[in-house]
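What follows is a short report on a single structure.
Residue numbering restarts at 1 for every chain, and letters A, B, ... go by the order of the sequence lines.
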Amino acid sequence: MRLDFTIISDDFFAAGAASARIKKSLQQVGIPTSLVRRISVAVYEAEMNIVIHAYSGKISLELAREKVRIVVEDEGPGIEDIQLAMQEGYSTASEEARRQGFGAGMGLPNINRAADKFEIESTVDVGTKLVMEFNL
Amino acid sequence: MKLEKIVDLLNLKPLSDYNKDLNVLGAYTSDLLSDVIANAKEDRLWITLHGHQNVVAVALLKDLAGVIITGEHYATNDMLKKAKEMEVAVFKTELDSFDISGKLYQLLNNDEE
Ligand SMILES: Nc1ncnc2c1ncn2[C@@H]1O[C@H](COP(=O)(O)OP(=O)(O)OP(=O)(O)O)[C@@H](O)[C@H]1O
Ligand SMILES: [Mg+2]
């Protein structure tokens, strides 16, 4: 199974749609609830990071026999210091995003906790790519 | 405790449909979405001042029992539309987050005894 989504920056209404759809699809194919929750949480955090910090992006999910692999790629400002960005509490979220409850600086740490494998690559002024894997 | 009983005893105003028979296991009070994602657990109520659609998305992801919007904060139409679509329970209380958390804590803890 393969699912693809396009995410647009600052589209707060559609925000969360990809993770909600992924959640439903994984439930339908019988993935255990706790794993579905971990995957959808990680996708949500990645999705919202595109909405808040980048310009646009793509999410693709591949369900293989022994794992779920998700690649999230955006066009955006990129992350200068990935180690710093991974620290809980570090956030450059805008005032508008903070008013909506974002900006705890916990999104990337949440993805890291949820996924069995998590990698970030980023180029300043170009964009960011996340690869996460979940063992079935 | 059944959600219906909590709604009744705490005088919560339902802003969307909810499952009256759902067994509520607890609650979490926070206004930071990623904190709720990290720490709230399924079948718990979420107490917050946020009344916008991102709250619905998070409640859905985490299989929360519902959202209680507190104090002088109100749900936007977009939130209610999304709550209906996603079947997420949303309630309103005029109490602030501290007071409603305290009351709910008491209710759930006395219920255990
Ligand atoms: N896709 C991205 N493009 C550019 N910068 C990013 C991206 N994702 C994360 N960042 C940077 O890393 C920081 C930390 O991200 P993280 O998701 O942990 O927290 P946050 O988004 O600021 O707040 P929260 O996720 O708790 O609402 C961000 O504030 C931002 O500076
Ligand atoms: Mg984030």
| query | With distance as the sole criterion, is a donor-acceptor pair present between the side chains of B:Thr29 and B:Ser97 under 3.5 Å? | reply |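 Looking only at side-chain atoms, B:Ser97 and B:Thr29 do not form any donor-acceptor pair under 3.5 Å.
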
| When heavy-atom pairs shorter than 4.5 Å are enumerated against chain A, which of B:Ile37, B:Leu49, B:Asp31, B:Val58 gives the highest number? |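 Top count of heavy-atom pairs under 4.5 Å with chain A: B:Ile37.
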
| said: Taking atom OH as the centre, does B:Tyr74 end up with more than 12 heavy-atom neighbours from other residues, nucleotides or ligands that are less than 6.0 angstrom away? | reply: yes

Would you mind writing out the side-chain donor-acceptor pairs for residues 11-18 of chain B within the sub-3.5 Å range, not counting sequence neighbours?
residue: B:Ser16; atom: OG; partner: B:Val88; partner atom: O; Å: 3.0
residue: B:Ser16; atom: OG; partner: B:Val90; partner atom: N; Å: 3.0

| said: Please classify the contact of B:Asp35 with chain A as side chain, backbone, both or neither, using a heavy-atom distance under 4.5 Å. | reply: both

| Can you say whether A:Arg113 sits under 4.5 Å from chain B via the side chain, the backbone, both, or neither, judging by heavy atoms? | side chain

| task | Considering only NZ, NE, NH1 and NH2 on the basic side and carboxylate oxygens on the acidic side, decide whether A:Asp116 and A:Arg38 come within less than 4.0 Å. | result |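 The answer is yes: the pair qualifies as a salt bridge.
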
